[in-house]
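Order of listing sets the numbers, starting from 1, for every ligand and every atom in it.
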Amino acid sequence: MKVSELFYSIQGEGKLAGLPSAFIRVSGCNLRCAWCDTPFSSWEPEGEELEVADILDRLADHPTQYVVLTGGEPLIMPGIEELTRRLHEEGYHVTLETAGTVWRDVVCDLISVSPKLANSTPWEHDDGRWAEAHEEHRLNIPVIRRLLTLGDYQLKFVLQELEDMAEVDLILGSLDEYEPTSVLLMPQGVTAEEVAQRSRWIVPICTQRGFRYCPRLQISIFGNVRGT
Ligand code: SF4
């Protein structure tokens with residue numbers, strides 16, 4: 001599969017934020033979010049083709065059992081089932097980050113599903129040529145439901161404006177059940193200032209509803225740079 005970067009850092013987002021982890025960022029995505037912070041794995045995918053054995057070799061260089069499979073969209077990658085199975089056999093704790101638009105029979109310890117809201121549709125980007133396809137594929141409720149049965153999960157929503165919460169509630173209402181502390185609200189932003197500004201109205205929603213505030217430690221510590 002095509003991998004745009006494999007690096008060691010701390011997990012910046014979600015339930016395992018702060019944990020030293022090795023990141024495998026696959027390259028290629030079936031969506032084109034307007035605010036995508038890794039365009040080198042979506043809008044202009046780049047990287048090198050690696051076999052599962054190559055990936056395991058490179059992981060061995062990093063002193064952690066925590067692996068994050070991210071992208072791009074890991075669930076469209078050929079061989080992703082085999083990779084997750086091998087990681088599991090090797091004793092790694094695997095977090096798989098996905099937009100939740102396609103089902104694959106993967107093995108993971110934490111599935112991190114980030115359904116894409118209407119704020120992600122790239123109407124203004126690249127003459128809007130990806131907008132309709134993105135809009136058509138960005139939400140797949142039956143797939144999200146099924147992915148949440150894989151084990152421990154987190155549902156991560158990227159918020160741009162307060163009005164986005166109406167769509168979050170529609171999605172949550174379409175699920176059979178969910179654990180509020182596994183619902184993560186994360187500010188959209190690629191600078192520490194943007195993240196801080198949005199956090200001021202997102203945190204009160206979390207405290208009222210029992211949701212979890214999701215920081216973006218990689219942005220506040222390093223800025224929007226690759227390999228972090
Ligand atoms: S799903 Fe993720 S990788 Fe794909 S375009 Fe959206 S933010 Fe970027």
Side-chain angles (χ1 to χ4, degrees), residues 1-7 9 11-14 17 21 23-48 67-78 80 83 94-104 106 108 110-141 143-144 147-148 153-161 164 167-168 171 184-191 194-195 198 214-219 222-228:
M1 69 188 71
K2 196 174 206 178
V3 174
S4 61
E5 52 183 3
L6 196 161
F7 61 94
S9 185
Q11 171 60 284
E13 303 172 2
S21 306
F23 291 77
I24 305 163
R25 186 183 305 287
V26 300
S27 191
C29 190
N30 57 342
L31 300 181
R32 294 292 185 279
C33 297
W35 38 254
C36 182
D37 57 359
T38 56
F40 51 90
S41 66
S42 59
W43 287 90
E44 292 166 20
E46 57 185 67
E48 59 180 322
V67 168
V68 182
L69 271 169
T70 190
E73 176 51 80
L75 295 184
I76 64 169
M77 293 296 140
I80 192 68
L83 176 59
V94 177
T95 300
L96 191 144
E97 299 184 335
T98 174
T101 59
V102 289
W103 165 259
R104 296 287 284 277
V106 291
C108 63
L110 175 63
I111 183 90
S112 180
V113 183
S114 182
K116 297 300 178 262
L117 305 180
N119 66 30
S120 66
T121 305
W123 299 108
E124 313 284 325
H125 202 295
D126 217 3
D127 294 327
R129 74 189 175 93
W130 280 94
E132 285 187 14
H134 179 96
E135 191 61 21
E136 187 181 339
H137 297 295
R138 71 181 169 81
L139 263 188
N140 191 327
I141 298 295
V143 166
I144 293 172
L147 288 170
L148 299 189
Y153 69 87
Q154 58 191 25
L155 261 175
K156 184 172 71 181
F157 295 100
V158 180
L159 299 182
Q160 194 155 275
E161 298 174 339
D164 293 339
E167 197 179 357
V168 171
I171 295 169
L184 281 54
L185 303 185
M186 186 172 84
Q188 191 270 316
V190 292
T191 66
E194 283 179 293
V195 170
R198 291 193 168 102
C214 183
R216 308 188 83 156
L217 296 179
Q218 73 279 26
I219 297 287
F222 304 107
N224 187 28
V225 296
R226 289 177 68 159
T228 59

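- Listed by number with element, the atoms of ligand 1 under 4.0 angstrom from any heavy atom of K116 are 1 (S), 6 (Fe).
- Protein heavy atom nearest atom 5 (S) of ligand 1, with residue, atom name and distance: C33 N, 3.2 Å.
- In summary, the side chains of N140 and W103 do not present any donor paired with an acceptor at a separation below 3.5 Å, with no hydrogens or angles considered.
- Side-chain polar atoms of E135 and T121 form a donor-acceptor pair below 3.5 angstrom.
- Contact annotation: for E73 versus ligand 1, there are no heavy atoms closer than 4.0 Å.
- Those atoms of ligand 1 that come under 4.0 Å of a heavy atom in L31, given as number and element, are 5 (S).
- Counted within 6.0 Å of CD on E132, heavy atoms from surrounding residues, nucleotides or ligands total 12 or fewer; the atom is thus considered open.
- Of the candidates P122, C36, S41, C36 brings a heavy atom nearest to atom 8 (Fe) of ligand 1.
- Note on D37 versus R216: salt bridge recorded, some NZ/NE/NH1/NH2 to OD/OE distance being below 4.0 Å.
- The existence of a salt bridge linking K116 and E73 is excluded, since no basic side-chain nitrogen approaches an acidic carboxylate oxygen closer than 4.0 Å.
- A pairwise comparison of heavy atoms in I76 and N30 identifies CD1-N, 3.8 Å as the closest pair.
- Of all protein heavy atoms, the one lying nearest to atom 3 (S) of ligand 1 is G72 N, 3.3 Å.
- Ligand-side atoms of ligand 1 in range of S42: 5 (S), 8 (Fe), range being under 4.0 angstrom from any heavy atom.
- The nearest heavy-atom contact from the protein to atom 4 (Fe) of ligand 1 is C29 SG, 2.3 Å.
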